[in-house]
Amino acid sequence: MKKKMTDSPLGLTLISVFLGLLVGALILLIIGYNPIEAYKVILMGIFSSPRYISWTVIYATPIILTGLSVAFAFKTGLFNIGAEGQFIIGALTAALAGYYVPMPALLHIPFVLLCSLTAGALWGGIAGYLKARYGVNEVISTIMLNWIALYLNNYIVLNDKIKRPGSEATNKILDSAKIIFFDTWKKSSEGIEFRKAHPFWGDIFRTPANAGFLIAILAALIIWIILKKTTLGYSLKAVGFNKDAAEFGGINIKASMINSMAIAGALSGLAGAVQIMGFTREASALSAMEGFGFEGISVSLIGAVHPIGCVLSGLLYGALKYGGSKIQPAIGAPYEIINIIMGTIVLFISMPKLIRMMKLKKQKERI
Amino acid sequence: MILESIAFLLGTTLMYATPLIYTSLGGTISENSGVINIGLEGIMFMGAFIGAGIGYYTHSGWIGFLAAGIVGGLFGLIHAIACISFTADQVVSGIAINFLGPGFALLLSRLMFDGAAMTLPLPLDEKISRPLNGLFQQNSFFDMILNRYSTVYLAFLLVLVVWFVLYKTRLGLRIRSVGEHPEAAATLGINVYKIRYMSVIASGVFAGFGGAAVSVAIVSQFRITLISGQGFIALAAMIFGKWKPQGAMWACLLFGLAQAIVVFMPRTGLDVSSQLLSMLPYILTMVLLVLFVGKSVAPTADGKIYEKL
């Protein structure tokens, strides 16, 4: 028998995305905007130029990684609300390591990535340790760690010795730590010549197109392999599936909690690093959370908590974020509609029962 | 001088603790009935907007406050429909609410306030009233502590009410039994769905109040950064307070005190970084959790799906 579409996570996701876009259209209609027009602006804003596609990918990169982070913790039975804080710590580490430790690029890039990965892992690991050792609920400890990270970031960034004069940010990282494609070459006379001669590439190089996306895909593949093929992945998943059974089966659940949060933290730390190395090049003082961690939660859910799913849903989210930012200047429709669409998608994803029932009713009508 | 400092600290503590108390009471009711509501943050955000926005147009902080409760209740209803009728994952549904709350609040703000992501400020006499204003000599010890907006007293009153309902009435017994063991409660003839619906809607109402308590009392308008993380802190306070209204209240007061210290420090002339000080409440919470709380003691069925067979 053919498997019903709603039984698969992919089917559920597609239907939820469709319903989310539908609700968004309805709201646009109610508040007096033409939804077809709005979606056309969004689609054109994503696909109509190589530059736009490049920006979409740049927007998607950090949230793919925070999505992976949340998904990995989910798989092992933990809820990582702390991706935000781990991201901040990773970003701050990258900004410092990228500026203060000069090295040749070949060494500098992996060094900075490794530093951020480690810092994120330690930050996430704190929550894992507190849960394993003292039974502190990881939901609260990661929320607290988010805020501690935010203020720690501001404390360090605004320190007179670290701050770039006249700004509320660190110094820009050295060229050797950047992962932006051909960054120096594309500004040279040769590069400018090339960009004129090749409009397609020229257009892409007008954005900070960078290797972050490749790093994110690589990370997704590695996480997928860890979960699918390794003993570590197996034991972590077993704990997530049934803690007591896993313990009975000889798995050290305490170590597994710490490992799981540390790996999740490493992924979010990496997200912070690629954002700095590929895009912002500096860490800034923050007045509020930037949202990469929370967006990661929805990316992970929309991606059915699967590493490859996270890449796809991260791209979807990145596209909506970037394309959606254009409806305000183009037709005056409020950008916030994107949050509503995302929220609706996640809400429908949380209710597979509703979607199955709708499907069932349709079938009955057919009979 | 010392007396004045103490008065300042206590007064400021009350002010900052109040919105958290409303919201964490909401969390307490919902989770005692067995439904996690991680969407409190989003509902608070919406409540803050509705409070200030409706307050502005009706020229009454109180109408804004009530409207915030009603709209908060509607968001609670969405969460309830998803979690109770359609057996949604409660955490996931809550995350969705956290997107929908700010989404709708900012959307409505742009429509109602000429494209702005903030409301126009309420004039001073349209804000929530200060019932004890003028009772004590201005800037005297008691005046500094107790001359607060009505929302502050209402919050403490509600702690008492929620405590009474949860532990001294049949309704409270039902709420708790549904949160501990829904199947057993159902066999005794308790309508699990109805009790849970009520509790989750109530949590929305309270979170709506919590948001409005910021936007029509502490400040007099809504803006984007007004509720950054307070809903989550309220949630933490509830867990920290062991899922009890009085416990949540003490935890909120602790957060309020830490916040008050941050505001107070510059007055002392001591050169302590405000950034480091700002970390204090969060570090304190973690230390206290490690020292005193230990294993979590959530209601047994908290977060578990219940389906009538």
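Computed from a predicted structure; not experimentally measured. Order of the sequence lines fixes the chain letters, A, B, ..., with proteins taken first and strands second; residue numbering starts at 1 for each chain.
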Could you look at [X] and say if it's the side chain, the backbone, both or neither that has a heavy atom under 4.5 Å from chain A?
X	result
B:Ser278	both
B:Leu111	side chain
B:Ser228	both
B:Leu280	neither
B:Ile224	neither

State, to 0.1 Å, how close [X] and [Y] come at their nearest heavy-atom pair, and which atoms those are.
X	Y	result
B:Glu41	B:Gln230	OE1-N, 3.3 Å
A:Ile337	B:Leu107	N-CD1, 4.5 Å
B:Ser30	B:Val35	OG-O, 2.6 Å
B:Met112	B:Tyr57	O-OH, 2.6 Å
A:Leu29	A:Pro35	CD1-CD, 3.5 Å

Side chain from CB out, backbone as N, CA, C, O: work out which of these in [X] comes under 4.5 Å of a heavy atom of chain B, or both, or neither.
X	answer
A:Ile143	side chain
A:Leu301	side chain
A:Ile340	both
A:Ile297	side chain
A:Ile27	side chain
A:Ile81	side chain
A:Phe294	both
A:Ile341	neither

Look at A:Phe79, A:Tyr335, A:Tyr155, A:Phe348 and state which one has the largest set of heavy-atom pairs under 4.5 Å with chain B.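 Answer, by heavy-atom pair count under 4.5 Å with chain B: A:Tyr155.
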I'd like to know which of A:Asn146, A:Asn153, A:Leu130, A:Ile140 tops the heavy-atom pair count under 4.5 Å against chain B. A:Ile140
Distance alone, cut at 3.5 Å: any donor-acceptor contact between the side chains of [X] and [Y]?
X	Y	answer
A:Asn80	A:Ser69	yes
A:Ser350	B:Asp89	no
B:Trp243	B:Glu31	yes
B:Tyr197	B:Ser85	yes

Close aromatic pair by centroid cut-off 6.0 Å: B:Tyr56 and B:Phe113: yes
Look at B:Thr225, B:Leu277, B:Thr87 and state which one has the largest set of heavy-atom pairs under 4.5 Å with chain A. B:Thr87
Answer key: most heavy-atom pairs under 4.5 Å with chain A among B:Met286, B:Gln90, B:His79 is B:Met286
Going by an N to O cut-off under 4.0 Å, is there a salt bridge joining A:Glu336 and B:Arg110?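 Salt bridge between A:Glu336 and B:Arg110, a charged N being under 4.0 Å from a carboxylate O: yes.
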